[in-house]
Number of protein chains: 2
Amino acid sequence: MTTPVRVLLADDEHLIRGALAALLSLEDDLVVVAEAATGPEALAMARAHAPDVAVLDLQMPGADGVKVATSLRAELPACRVLIVTSHGRPGHLKRALAAGVRGFVPKTVSAQRLAELIRAVHAGNRYVDPELAADAISAGDSPLTAREAEVLEHAADGAPVAEIAERAALAEGTVRNYLSSAASKLGAENRHAAVRLARERGWV
Amino acid sequence: MTTPVRVLLADDEHLIRGALAALLSLEDDLVVVAEAATGPEALAMARAHAPDVAVLDLQMPGADGVKVATSLRAELPACRVLIVTSHGRPGHLKRALAAGVRGFVPKTVSAQRLAELIRAVHAGNRYVDPELAADAISAGDSPLTAREAEVLEHAADGAPVAEIAERAALAEGTVRNYLSSAASKLGAENRHAAVRLARERGWV
DNA sequence: CACCCCCTCTGACATTTGTCATGCCCGGTG
DNA sequence: CACCGGGCATGACAAATGTCAGAGGGGGTG
């Protein structure tokens with residue numbers, strides 16, 4: 001047999017990370033060479049150990065999986081990235097693929113299946129969970145313009161228009177206009193519902 | 001040695017559940033007798049297998065860990081409940097303890113530690129993660145009255161006052177009053193920010 | 001070049017909100 | 001029993017928000 005696949009495991013939940021490391025180690029063609037609990041830590045570990053495959057959680061403190069994947073793409077082009085996530089929003093998948101991620105699966109898969117996917121990704125294949133892919137396709141592209149999305153993001157915490165205007169360096173009236181058009185594009189009754197919808201689809 | 005501790009494992013993420021089951025099985029005084037991916041399934045499994053300890057994820061489809069714990073308390077008083085969670089909101093801890101849960105820990109603990117806690121809980125001890133406990137204490141009790149909390153919940157998805165009034169069977173003016181007083185109690189600028197804050201603290 | 005789409009702003013208007021004062025009914029507490 | 005706090009409501013007002021029409025500038029495409 002050839003040399004084993006060197007794997008980096010990044011997930012902020014120690015329970016999962018540890019358990020996963022143990023399970024993957026049972027596969028004798030896989031070896032977990034490093035673990036990380038945060039985005040920056042994952043990057044540092046990747047630099048230090050140059051793994052073949054990085055298994056990244058989508059939501060981690062510091063920097064999310066997609067951001068890490070982007071940096072990894074630049075620094076270690078040979079390292080393939082596989083993203084694992086609990087809540088798969090359609091938009092995230094699109095962003096992940098754009099960042100050069102090779103695999104994208106929900107945490108509902110079995111460890112056995114994950115091991116297979118690590119091998120597949122290492123071999124150069126791509127794999128996206130069919131259900132998540134279907135969601136992404138049916139959700140389609142974001143109908144929002146760049147500014148609409150930006151303003152909507154600033155509105156996310158329920159701030160009043162005046163504050164959004166200040167943060168975005170726009171006139172209040174302009175902000176209201178963007179908010180209004182964004183809400184109508186999303187079919188929402190008001191900006192708050194719009195924020196919720198955009199969040200669900202991963203458009204913010 | 002005495003008979004092993006019979007454990008029920010409930011978590012919607014197959015990856016974690018499977019990995020955990022494998023790890024816990026390495027401990028020879030623990031045996032995983034059942035697994036479940038949803039709240040109702042966890043209940044059914046508990047009825048069928050009467051485990052000594054139920055390890056429940058806080059967020060599951062169908063019914064959350066606290067709801068399951070409440071039912072379990074009534075149906076299987078001998079079964080001790082240990083809750084595991086990724087995002088520990090202060091209010092959840094309080095609700096969990098009220099439901100008779102014996103242990104409450106974040107998923108950042110190690111599997112080794114979890115095994116110890118399962119034994120401790122089985123022996124009749126209680127255990128709450130110190131950090132979560134500190135959060136819960138510093139966050140204090142919800143200052144909201146029952147109606148304020150109810151109205152705030154209905155406001156959660158950004159619905160207009162008219163809709164909230166209809167769902168809560170209240171006059172619009174009354175709803176506005178409750179929302180207003182809730183927001184001022186939480187120190188929020190408006191109801192949407194109030195919803196966010198109450199969510200964070202686990203008060204809704 | 002003409003056209004279209006996006007960005008930006010303004011002003012005006014209707015509607016929705018937040019806020020406050022005030023009143024009534026009820027269950028508990030001193 | 002008198003008092004208080006909470007639940008519930010009304011009405012009125014100010015402020016925030018949503019909506020519309022319009023208008024100038026800029027970049028890209030046919």
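Quick note on labels: first sequence line is chain A, next is B, and so on, each numbered from 1.
Taken from CG in D135(B) to NE2 in H92(B), the straight-line distance is 13.0 Å, to the nearest 0.5 Å.
With no hydrogens or angles considered, no side-chain donor-acceptor pair links Q59(A) and T85(A) at under 3.5 Å.
The interatomic distance linking E172(A) (CD) with dA15(D) (P) rounds to 14 Å, in whole Å. The distance from atom CD of E148(B) to atom P of dC8(D) is 11 Å, rounded to the nearest whole Å. Put simply, CG on L170(B) is 14 Å from C1' on dT10(D), counting in whole angstrom units. Rounded to whole angstrom, the span from the CD atom of E163(B) across to the P atom of dT17(C) amounts to 10 Å. Atoms CG (L179(B)) and P (dA9(D)) sit 14 Å apart, rounded to a whole Å.
Two residues, A162(A) and T174(B), neighbour DNA chain D, and the one matched to the more 5' nucleotide by heavy-atom proximity is T174(B).
Among dT10(D), dT10(C), dG18(C), the nucleotide with an atom closest to any side-chain atom of R176(B) is dG18(C).
The side chain of T145(A) contributes an N or O atom lying less than 4.0 Å from OP1 or OP2 of dC7(C). Distances shorter than 4.0 Å separate some side-chain N or O of S180(A) from OP1 or OP2 on dT19(D). Contact annotation: Y178(B) does not reach the phosphate of dA9(D) (side-chain N/O to OP1 or OP2, under 4.0 Å).
Using a 4.0 Å cut-off between charged side-chain N and carboxylate O, R113(B) and D129(B) make no salt bridge. With respect to the salt-bridge test (charged N to carboxylate O, under 4.0 angstrom), the residues D64(A) and R95(A) qualify. Salt bridge absent: D57(B) and K107(A) never bring a charged side-chain N and a carboxylate O closer than 4.0 Å. D29(A) has a carboxylate O that lies under 4.0 Å from a charged side-chain N of R119(A), or vice versa, which qualifies the two as a salt bridge.
Around CZ of R199(A), the count of heavy atoms belonging to other residues, nucleotides or ligands within 6.0 Å does not exceed 12. Atom CD of E166(B) has 12 or fewer neighbouring heavy atoms from other residues, nucleotides or ligands inside a 6.0 Å radius.
Applying the side-chain contact (heavy atoms from CB on, under 4.5 Å) test between F104(B) and each of L58(B), L97(B), V84(B), L82(B) identifies L58(B) as the sole match.
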Sort me out a list of protein N/O and nucleotides 22-26 of chain C N/O pairs below 3.5 Å, or just none if empty.
none

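Near DNA chain C, defined here as any heavy-atom distance below 4.0 Å, there are no residues from residues 182-200 of chain A.
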